[in-house]
Amino acid sequence: MKDLERILLYILKGGLLLSLVAPLVNSDSFFFPFVVPRTVFFQIITEILLAAAVVLVAFFPAHRPKWTMLGYAISAFFVAGALATIFAIDPSKSFMGTVERAFGFFNILHYGILFLIANIAIRSQKNWTTVISVSICISVYAAISFLFESAGSVKATSVAGNPTFLAAHMMLNLFFAIYLLKASKRTLTDALLALAAAILLFGVLISNVRGAFVGLSTGILYLLVHTAINSQKWRLKIIVVMAVLVGSYIALFVGRNTDFVRTNYTLQHVTSFSLNEGTIKSRFEMWKMATSGLQERPIFGWGRENFSYVFDAQYKYSDFESAGVGEQWEDRAHNIFFDEAINGGIVELLAYIALLVTAFITMRKRPVLLAALISYTVQNLFGVDTLNSFLPFLILLAFADFLKQQRPEASLNSYVPIKMEQAYAISIVGVGFVLLASFQFTIKPMVANANVYKAAKSMMTNQYETFKRSYKNGIENLKSFSGLKREYLTLIGSTLVTNASPLVQTNAYLKYANIISADFETIYKANALEQKNMLLLAQLFLQRGVVAQNMYLLDQSEDILKRLLEISPNKKLFQTTLEKLKSLKENAFKAPPVPSK
């Protein structure tokens with residue numbers, strides 16, 4: 001039994017470290033190559049860890065997690081999320097999330113599991129130092145890749161796929177580096193941590209992400225003020241540093257129209273704040289939409305990943321046109337509190353606020369960790385959570401929870417005799433449930449993504465048999481997931497619509513379009529399409545009608561567009577598409593004029 005206990009602990013500790021690599025994972029064999037592969041990687045690792053943890057706590061009760069105030073707060077947040085998913089306007093989408101965001105209830109549940117694993121397996125300062133050090137190293141690697149790629153001139157993607165997501169990861173790990181630097185007493189370690197902190201700081205600054213810049217500035221300001229108040233030795237030095245920093249920023253802001261600032265993209269970006277800017281004005285419009293959406297469904301909200309329903313219902317073209325951003329689709333309010341209000345209504349919003357307050361209380365005597373929490377919260381006032389931000393955030397919570405309770409490591413001789421039948425039963429049922437859930441909700445959607453993506457590539461190269469086989473395999477794996485099926489049909493359908501010309505020229509277009517449209521029509525008849533999906537179906541009918549010279553298909557397209565305008569009369573895109581269709585119908589299939597003699 002002692003060997004089993006040691007092996008299980010090795011699996012938990014090693015697997016937790018491995019999960020931190022997730023932000024670096026990407027693959028071009030999937031739709032959204034910087035989202036899906038790392039999400040699947042993270043979920044599979046977490047599910048393996050959960051199976052090992054079930055066996056460990058069944059046979060070795062000393063390793064069972066201890067409930068803390070922060071643990072209760074996290075549990076309450078997930079209970080609120082479960083209720084919101086049950087009562088969601090689109091439960092399937094709320095549970096599984098979208099391909100692009102991968103932040104449905106099932107996805108975020110894995111972060112809660114990781115918090116639990118950390119509570120079980122990481123119970124010493126030495127082990128926690130290792131965890132944080134690995135997280136810092138991963139972030140530094142990503143930052144260096146980003147720095148070489150961007151050279152500060154453009155928004156590069158690096159290994160993160162999006163500088164916004166990378167900036168959040170670098171920001172939180174910068175505070176981890178400061179924390180370890182403050183606790184370190186070794187010269188070489190100090191030098192390495194200082195170098196890491198410098199690289200991460202520079203990375204955040206040249207990522208040109210305002211949310212991360214404001215969040216980082218707020219956290220550092222808090223840290224400096226806290227240190228100045230509580231340390232007479234550093235007070236004068238900090239006041240001088242703050243005066244230099246604030247003075248420098250004011251000078252840059254005042255001189256934001258000079259060539260020195262305007263020719264540097266980073267300086268220009270962090271000094272060009274304006275409430276009249278299109279992006280900021282559009283944020284205000286989305287926040288108003290979210291407020292209206294909360295009033296419509298105040299208790300349990302709309303469910304995760306369902307802000308698009310609110311956006312479609314509340315959209316007014318004139319509001320976004322005045323913001324200078326024109327027609328668009330949005331799936332987030334781009335403010336964590338408005339997003340949580342839409343996700344789960346007042347119940348989930350209060351649970352999330354309670355989680356942040358509990359974390360604040362837990363970290364109140366750890367100023368560096370509290371600064372990280374403040375930075376994370378402020379950044380999310382203007383952005384969205386992803387794996388790159390939520391993963392280090394949960395590590396931050398788990399570490400703070402450890403420091404709060406200082407629970408000693410359980411002895412490897414911690415086996416407590418219980419009924420063996422009970423331990424085996426818990427292990428078999430628990431592991432079996434985890435494996436079944438993993439296959440159904442992680443593996444099958446991953447296989448579907450890879451197959452539908454392969455089908456899309458085969459379609460573009462006109463390999464019909466490969467397309468048909470891959471498409472069928474992909475859709476077969478999505479039978480239980482109406483939200484994901486709808487999204488994958490939209491992805492492959494939009495690929496066809498935007499790349500139709502080569503297939504039309506080779507007379508191959510219709511055989512692909514007919515297959516995709518048939519599945520789309522089935523969902524449409526069940527009244528289960530969102531506006532974006534309906535528009536794509538209308539476009540498919542339109543293209544098929546033109547290629548096949550079939551007026552009935554054009555009529556079908558017109559019927560869908562008219563229905564869209566009934567649902568959302570303010571969508572200018574629907575109006576212009578319908579006008580083009582009517583013009584096309586008037587002139588499409590007229591016989592050519594007879595030449596005069």
Would you say the side chains of [X] and [Y] form a donor-acceptor pair under 3.5 Å?
| X | Y | value |
| --- | --- | --- |
| Asn306 | Ser94 | no |
| Gln43 | Thr442 | yes |
| Ser480 | Lys444 | no |
| Ser568 | Asp312 | no |

**Prompt:** Less than 6.0 Å separating the ring centroids of Phe399 and Trp128?
**Reply:**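 Yes, close enough.
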**Asked** With a 6.0 Å cut-off on ring centres, are Phe165 and His169 close enough?
**Response**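 No, the ring of Phe165 stays outside the 6.0 Å limit from the ring of His169, centre to centre.
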**Message:** Between Phe32 and Leu491, is there a side-chain heavy-atom distance shorter than 4.5 Å?
**Reply:**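 The answer is yes; the side chains approach within 4.5 Å.
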So [X] and [Y], would you call those rings parallel, tilted or perpendicular, with 30° and 60° as cut-offs?
| X | Y | answer |
| --- | --- | --- |
| Trp67 | Tyr72 | parallel |
| Phe103 | Phe390 | perpendicular |
| Tyr315 | Phe311 | tilted |
| Tyr453 | Phe31 | perpendicular |

**Asked** For Tyr352, which of Phe393, Phe338, Phe77, Phe78 qualifies under ring pair (Phe, Tyr, Trp, His ring centres under 6.0 Å)?
**Response**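 Testing Tyr352 for a ring pair (Phe, Tyr, Trp, His ring centres under 6.0 Å) against Phe393, Phe338, Phe77, Phe78 leaves exactly one candidate, Phe77.
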**Asked** So which of Phe95, Phe433, Phe105 actually passes ring pair (Phe, Tyr, Trp, His ring centres under 6.0 Å) with Phe441?
**Response**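 Of the listed options, the one satisfying the test is Phe95.
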**Asked** Can you name the closest pair of heavy atoms from Leu166 and Ala142 and give their distance?
**Response**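 That would be CD1-CB, 3.6 Å.
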**Request:** Go through the steps for Phe175 and Leu373 under the test side-chain contact (heavy atoms from CB on, under 4.5 Å), then give the verdict.
**Result:** CA-CA 9 Å; Phe175 286 104; Leu373 177 65; over 6 Å; no
**Ile361 backbone acceptor or donor facing Arg364 side chain under 3.5 Å** =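 Yes; judged by distance alone, with no hydrogens or angles, the pair exists.
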